[in-house]
Amino acid sequence: MAGRSVVVGVGHYLPERIVPNSEFEKTLDTTDEWIRTRSGIERRHFAADDEKTSDLASKAAQAALDDAGLTADDIDAIVLATSTADLTFPSAATMVQAQLGMTKGFAFDVQAVCAGFVFALSNANALILSGQAKRVLVIGAETFSRIMDWTDRSTCVLFGDGAGALVLELQEGEGTAQDRGILAIDLNSDGRYKDLLYVDGGVSTQSTGHLRMQGNQVFRHAVEKLAKTAETALDSAGLSSADVDWIVPHQANIRIIQGTAKKMGLSMDNVVVTVQDHGNTSAASIPLALSVGKQRGQIKQGDLVVTEAIGGGLAWGAVVLRW
Ligand code: ACO
């Protein structure tokens, strides 16, 4: 027998405002055609001026609780992955705690940029397996529209806002790869690559800053590192690519998603793709894709799911779980 962190609820929230690629044609030297063919993105959602990351996160969290048939009182901890928290402190997670009306337990943020949700899942799993929490809300939520340089066509067309959430619950399994729940995790980072993807501001530099990215350099690292981390995690679960029902990748670029699937020997029929509708929502992209994938009827109970992501740091990793 072995304790496992099992997904018992999933939900998401997207801001109302949808911005098609054509809107950027008015202000930038770009085209819908360029954005579509180079990134796979067709549209993205942007938060309203008065809408904060914690607002998006709370709505996604409530949807996940509803899906699980639970209330905030049933939750022991909130782990929120974000690089765009409302304030320098307190954490966006504690704001979600208050918005949900949860007066016990604990809440904190995790920051690993686009890989944030994978790192948050790892934290939540560790809390559950160490006996510190029985049920954890794991959220990815971002408002990257707030850190865009709207004059930089090479970055501002790529990102969007949104939030997704899971409820993880301790359940007993047989200790085999047939168990439901998280089966294996692989995390990595390498700070030498800071200059490939960063925000040129922050509290200690006394500004908010804007996202800066050497996109083609990040691209080169992405396919190789994502396929390797997914294979490492599968291997430690005693599984291989042939066992995978769904890859649910970080949604940054369709060409990265296709390249990673190919390197893993999997067809695009095994990949949940939402990048066309959401753009890159950083830490929110994987839980958003999990929620949409379930709604579409793609992900079903018992399916083997691999999530993988890479982002600023560089930081990257993968989680293997049975839904
Ligand atoms: N419209 C028109 N032309 C553009 C645009 C645009 N919006 N953006 C860039 N270009 C031009 C460039 O200026 C360049 O022109 P040049 O050849 O005259 O210099 C040309 O297009 C090619 O640029 P590249 O950057 O080489 O294009 P590439 O095919 O690599 O696509 C992209 C760029 C989409 C950014 C891609 O590199 C990518 O997706 N990279 C990975 C991004 C990513 O995965 N980030 C990870 C996580 S994000 C996070 O952690 C926050």
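Given the structure is predicted, the values throughout are model-derived calculations rather than measurements.
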Where do Asp55 and Gln99 land on the side chain to side chain donor-acceptor pair (under 3.5 Å) test, with the steps shown first?
CA-CA 8 Å; Asp55 299 322; Gln99 285 202 39; 3.0 Å; yes

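In this structure, Ser285 contributes its side chain and Thr281 its backbone to no donor-acceptor pair below 3.5 Å. In this structure a side-chain-to-backbone donor-acceptor pair under 3.5 Å is present from Lys104 to Ile75. Asp86 places no side-chain N or O within 3.5 Å of a backbone atom of Lys52 that could act as its donor or acceptor partner. Side-chain atoms of Asp76 do not come within 3.5 Å of backbone N or O of Gly105 as any donor-acceptor pair. The main-chain N or O of Ser83 is found under 3.5 Å from a side-chain atom of Glu142 such that the two form a donor-acceptor pair. Counting only distance, with no hydrogens or angles, the side chain of Asn125 and the backbone of Leu121 share no donor-acceptor pair below 3.5 Å.
Every pair passing salt bridge (Lys or Arg N to Asp or Glu O under 4.0 Å) that includes a residue from residues 253-278 is listed here, sequence neighbours excluded: Arg43-Asp277.
Salt bridge present: Arg212 and Asp149 bring a charged side-chain N and a carboxylate O closer than 4.0 Å. Note on Arg44 versus Asp161: no salt bridge recorded, every NZ/NE/NH1/NH2 to OD/OE distance being 4.0 Å or above.
With sequence neighbours excluded, the residues satisfying side-chain hydrogen bond (donor to acceptor under 3.5 Å, both in side chains) with Glu23 are Arg17.
The line from CG of Leu129 to CG of Leu170 is 7.5 Å long, rounded to the nearest 0.5 Å.
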